[in-house]
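Indexing begins at 1, ligand by ligand and atom by atom, following the structure's order.
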Amino acid sequence: MEVFSKPSFDQLTLMQSCKTTCPFSGLPVVDLSMPHSETIVKACEEFGFFKVINHGIPMEVINRSDMRDYVSAVRILAYEVLELLAEGLKIQPKDVFSKLLRDENSDSFFRINHYPPCPELQGLNGLDLIGFGEHTDPQLISVLRSNNVEGLQICLKDGNWVSVPADEKSFFFIVGDIMQVMTNGRFKSVKHRVLANSFKSRISMTYFGGPPLNKLISPLQSLLEGEESLYKELTWGDYIGAALMSNMVDNRISLFEKK
Ligand SMILES: O=C(O)CCC(=O)C(=O)O
Ligand SMILES: [Fe+2]
């Protein structure tokens, strides 16, 4: 499914700027031409977010191909990275995560967001305009690429928001709530948001990889090693239903937590 969304100015929220953050240079980078599965694990533990370079998807496919070919290339990239992740976690089988997206009933979709320039911003000294409010992605993993216009920010473990430097040639992987549950909280889904830009138009294209609706989700036995599961067993359909009924800024994953 493809959905195009373009927020209108009244949907945008003003917020007090907590100092405009400069592009953050400390984000983890995974080079798929010489992948280290441990790097991916560490990135998921520390940030719930990483950038993938040398991903093997040619620029012609990125720039000129039919949208279906593009989405299919991104989906295959997601499988590859999820399989490296299982390898890094030293768990078998290696398709323990990717099979959820490979399943013909996988509830995955692709979305294009357009954030028009907001020249109104210039008059708003010290205020930023939110283009997409803070949230975590409910799925297993999201794979985002944007044009060369900044805007995406992620929240670090210490609660500070940092700006992700734009890079139209790379893909950004975002750990979602289902990944947090499957790893029993070892990986945290990362809070992120988008700030509007006064002069330039931002376009992002994201593949959201979700399991089949009737798939029971719980922490992987091989990762529990005697630990108690922190989460109740639910189907993805139950979770996404509950998540869509709640507010995007709520900690929706707490619906899954054992009290
Ligand atoms: O547009 C972006 O850069 C991020 C969008 C996003 O977080 C989402 O669609 O879930
Ligand atoms: Fe998101």
Side-chain angles (χ1 to χ4, degrees), residues 1-9 11-13 15 20-21 23-24 27 43-44 47-52 62 67 70-71 74-75 77-78 81 101 106-118 121 128-156 161-181 187-211 236 239-240 242-253:
M1 178 174 68
E2 287 158 28
V3 179
F4 294 79
S5 62
K6 176 175 182 287
S8 71
F9 192 71
Q11 284 173 293
L12 303 172
T13 322
M15 65 158 211
T20 300
T21 38
F24 182 65
L27 292 172
C44 291
F47 293 89
F49 185 89
F50 54 94
K51 164 168 154 168
V52 169
I62 288 182
M67 193 56 88
Y70 176 76
V71 177
V74 176
R75 198 158 27 83
L77 175 64
V81 170
L101 312 192
S106 149
D107 183 30
S108 299
F109 66 101
F110 183 71
R111 179 162 68 208
I112 300 180
N113 287 340
H114 174 216
Y115 306 87
C118 289
L121 259 179
D128 277 327
L129 201 58
I130 294 283
F132 199 130
E134 73 176 71
H135 65 285
T136 58
D137 291 345
Q139 290 79 10
L140 183 70
I141 201 90
S142 314
V143 188
L144 175 148
R145 199 178 65 79
S146 73
N147 63 347
N148 258 337
V149 175
E150 246 96 69
L152 180 63
Q153 296 194 324
I154 65 163
C155 187
L156 302 181
W161 286 93
V162 295
S163 294
V164 176
D167 177 356
E168 65 183 3
K169 295 198 174 75
S170 301
F171 288 88
F172 294 91
F173 278 65
I174 301 174
V175 167
D177 295 340
I178 292 301
M179 180 65 87
Q180 177 169 327
V181 173
F187 300 166
K188 292 274 189 295
S189 53
V190 61
K191 264 199 277 175
H192 54 285
R193 67 185 181 194
V194 180
L195 298 188
N197 188 295
S198 11
F199 303 108
K200 297 182 215 150
S201 170
R202 174 179 167 87
I203 298 196
S204 70
M205 285 149 276
T206 309
Y207 165 76
F208 296 88
W236 163 241
Y239 182 57
I240 193 65
L244 292 175
M245 295 292 285
S246 63
N247 204 322
M248 193 174 72
V249 297
D250 292 345
N251 179 10
R252 296 183 288 195
I253 197 63

Trainee: Taking salt bridge (charged side-chain N to carboxylate O under 4.0 Å, His left out) as the definition, give me every residue that meets it alongside Asp167, ordered by chain and number, with sequence neighbours left out.
Mentor: Lys51
Trainee: Between Phe172 and Phe49, what is the ring plane arrangement, given parallel below 30°, perpendicular above 60°, and tilted in between?
Mentor: parallel
Trainee: How many protein N, O or S atoms sit closer than 2.8 Å to the Fe ion (ligand 2)?
Mentor: 3
Trainee: What verdict does the side chain to side chain contact (heavy atoms under 4.5 Å, CB included) test give for Ser108 and Tyr207, after you've listed the backbone C-alpha separation in whole Å, the side-chain angles of each residue and the deciding distance to 0.1 Å?
Mentor: CA-CA 7 Å; Ser108 299; Tyr207 165 76; 3.4 Å; yes
Trainee: Between Phe208 and Phe109, is the ring centre distance below 6.0 Å?
Mentor: yes
Trainee: Using the salt bridge (Lys or Arg N to Asp or Glu O under 4.0 Å) rule, collect all pairs that involve residues 137-151, keeping only residues at least two apart or in two chains.
Mentor: none
Trainee: Quick check: closest heavy atoms across Arg252 and Pro138, and the distance to 0.1 Å?
Mentor: NH2-CD, 3.8 Å
Trainee: Might you list the protein residues in contact with ligand 1, defined as having a heavy atom under 4.0 Å from one of its atoms, sorted by chain and number?
Mentor: Arg111, Asn113, Tyr115, Phe132, His135, Asp137, Leu144, His192, Val194, Arg202, Ser204, Phe208
Trainee: Once rounded to the nearest 0.5 Å, what's the spacing between atom CD of Glu134 and atom CE of Met248?
Mentor: 8.5 Å
Trainee: Check whether any side-chain N or O of Gln180 sits under 3.5 Å from a backbone N or O of Ser189 as a donor-acceptor pair, and report yes or no.
Mentor: yes
Trainee: So among Leu195, Asn113, Asn197, Leu152, which one has a side chain to side chain contact (heavy atoms under 4.5 Å, CB included) with Arg202?
Mentor: Leu152
